**Student:** 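Pasting a structure here, questions to come.
Any value given below was found using the heavy atoms of this structure, including those in side chains, with hydrogens, waters and symmetry copies removed. We count ligands from 1, going down the list as the structure has it; atoms in each ligand are counted the same way. FYI, the numbering just counts along the sequence from 1. Values in this document were obtained by computation on a predicted structure and should not be read as measured data.
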Amino acid sequence: MTGPARISGQGASAGFARGPVHLARRGGRSYIAKSTPEQELQALHLAVETAATVIASAMGQVSGDAADILEFQLAMLEDGSFTEAAAGIISSGATAPVAWTVVLDAEIAGYQASEDASFAARSADLADIRDNVLSALSGDSAATIPPGVIHVDEDIAPTRFLAHDWSTGGGLVLRRGSVASHVAMLARARGVPMIVGIGDGAIADAAEALLDGQAGELLVSPDPVQIAAFNDRRSLSQALQRDADAVASDPAVTRDGETVAVLVNIADPDDVDRIPIVHVDGVGLMRTEFLFGGERGLPDEDTQLAAYRKVLAWAEGKPVTIRTLDAGGDKPVAGYTIPEDNPFLGMRGIRLSLARPEVFRVQIRALLRAAPYGALKVMLPMVSIPGEIAQAQAMFAEEAADLAGAGVIHRMPEIGIMVEVPSVAVTPDRFAGAAFFSIGSNDLTQYVLAASRDNTRLGALGSIDDPAVLRLIANVTRFGAENGVETSLCGDAASDPEMTSVLLGAGLRRLSVAPARVAVVKAAVRRFVRGEQPG
Ligand code: PEP
Ligand code: MG
């Protein structure tokens, strides 16, 4: 028996999980070869059918972007062209898993080599299809992760994450992955512990392991002392969460009596179904990229209007800040973003919206038409010069005039900006045309430290805790307070209760956080007193 092994990665979603290690199988490992090519082909057909059934049943549990991706996967499986190609290879003597892997790997390589970033991004879905069928072939039921396990994988597609019921515990450990990925965002939203970037080191298929998502650490086959220490940390965290949950609907007031607004970050409109409105002061960031990422192409005006109205209706008059499409960078959108060598510094966010007015105007009209149904605020991402605000405002005015001319009910919302490019954070006074500021600490950090947010090798370089980043946050917050410009922070740092005192110390009084972190951030606010924080 081997002793304990400590494996380090980057914490992507806080929380503790204790359970057996479940290593993702590159299927076929336990596959028993059949006696004839006919039997191999039959096994393949059966596995494709099983994978399709699993996907079809997962579709019933998800909606929006996730449902679209599953629909795509199902269509690919039902189309039969992969099976046909694999049948050719089987007829020349290969087993079903080998033939299927050859066909899918070639397809994936083609997608990865594509000039189009959206095609390259699609390769994860194809890998998902490949692995689901391989799992079914080896008798490891497709796409299923057993309940309560610590699942170790190369990376994982959002669909696979969503298809699993995490309510029974367990966690995720990714060899690659990124803290900024969609899966990491989903894990944070749902409170599933997750670490990324552990690399290629060997991991034993152990019966027991401990995962600490905050510390970014996996302990495999822990000894009794390590288990006891882990249990203590987990009990403390659970007790804190229970205490916090008990008063989650109370306002977040600091020890010296200042009220801090705690809002929530959402992506899919259905996210609000799991959030009691009494727990939050509204939506500080709705990322609309998820509406645009599906297989049905870019969403039309009515589809967007329905999504925005759903969130506004849920908010019962509390503010809802909807961000216009922030595609590009780490969030390619099929049929919209363009391939670039350095996408984080290229056509993303408002730059792309202004360059593609025919797409932007559809979103603008949907937002104008949604505005009468609640306290809508619109936020522009990746603004780097004041002219971008003026251009967007002019387009809103033109579309409002057009709607008025056609007698369509609408209203002009407040238009604010994300502060996530250093040019804005250094000179916020030049951006006074914005109705409000929301600091995007994820991007601000990567641009200030020249450290790509999806590069796990850079580790601490991507920390908001850097004095240069904190000084810029304080600069924006001070400008906002002195000039009556509402300023909030909606980057991931807002969701980390260990950062709350630092952010409040920098002057912020408005935080927008992941749904699963609302209660603990409110609790951290209640522990804060001005002047006690470090620095
Ligand atoms: C940010 O950059 O901090 C932010 C909130 O936006 P996103 O993570 O969607 O880029
Ligand atoms: Mg950003």
**Student:** Strictly below 4.0 Å, N to O, side chains only: are E316 and K318 in salt-bridge contact?
**Tutor:**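 Salt bridge: no.
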**Student:** Under a 4.0 Å threshold between the charged nitrogen and the carboxylate oxygen, would R175 count as salt-bridged to D200?
**Tutor:**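 So D200 does not pair with R175 through a salt bridge.
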**Student:** Fit a plane to each ring of Y336 and F292, take the angle between them on a 0 to 90° scale, and name the class: parallel (under 30°), tilted (30 to 60°) or perpendicular (over 60°).
**Tutor:**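 Rings of Y336 and F292: tilted, 30 to 60°.
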**Student:** Give a yes or no on whether R190 atom CZ has more than 12 heavy-atom contacts from other residues, nucleotides or ligands under 6.0 Å away.
**Tutor:**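 Yes, the 6.0 Å shell around CZ holds more than 12 heavy atoms from other groups.
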**Student:** Any salt bridge linking R323 with E289? Criterion: basic side-chain nitrogen under 4.0 Å from a carboxylate oxygen.
**Tutor:**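 A salt bridge is present here (some side-chain N lies under 4.0 Å from a carboxylate O).
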**Student:** Is the number of heavy atoms from other residues, nucleotides or ligands within 6.0 Å of CZ (R430) greater than 12?
**Tutor:**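 Enclosed.
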**Student:** So that I can tick it off, tell me whether D273 and K310 are bridged by a salt bridge, with the cut-off set at under 4.0 angstrom between side-chain N and carboxylate O.
**Tutor:**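 Yes, this pair counts.
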**Student:** Measure distances from the Mg ion (ligand 2) and count the protein N, O or S atoms below 2.8 Å.
**Tutor:**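 Excluding waters, the total comes to 2.
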**Student:** Report yes or no: do Q304 and D300 form a side-chain donor-acceptor pair below 3.5 Å?
**Tutor:**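 The criterion, which ignores hydrogens and geometry beyond distance, is not satisfied for D300 and Q304.
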**Student:** Could you list each nitrogen or oxygen of ligand 1 that sits under 3.5 Å from a protein nitrogen or oxygen, with the atom names and the distance?
**Tutor:**
from	atom 1	to	atom 2	distance (Å)
ligand 1	2 (O)	E420	OE1	3.1
ligand 1	2 (O)	D443	N	3.0
ligand 1	2 (O)	D443	OD2	3.0
ligand 1	3 (O)	G440	O	3.4
ligand 1	3 (O)	S441	N	3.1
ligand 1	3 (O)	N442	N	2.7
ligand 1	3 (O)	N442	ND2	3.2
ligand 1	6 (O)	R323	NH1	3.0
ligand 1	8 (O)	R287	NH2	2.9
ligand 1	8 (O)	N442	ND2	2.9
ligand 1	8 (O)	R453	NH2	2.8
ligand 1	9 (O)	R287	NE	2.7
ligand 1	9 (O)	R287	NH2	3.3
ligand 1	9 (O)	R323	NH1	3.2
ligand 1	9 (O)	R323	NH2	2.8
ligand 1	9 (O)	K331	NZ	3.2
ligand 1	10 (O)	K331	NZ	3.0
ligand 1	10 (O)	D443	OD2	2.9
ligand 1	10 (O)	R453	NH1	2.8

**Student:** Side chains of S438 and S488: any donor to acceptor distance under 3.5 Å?
**Tutor:**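 Side-chain D/A pair, S488 to S438: present.
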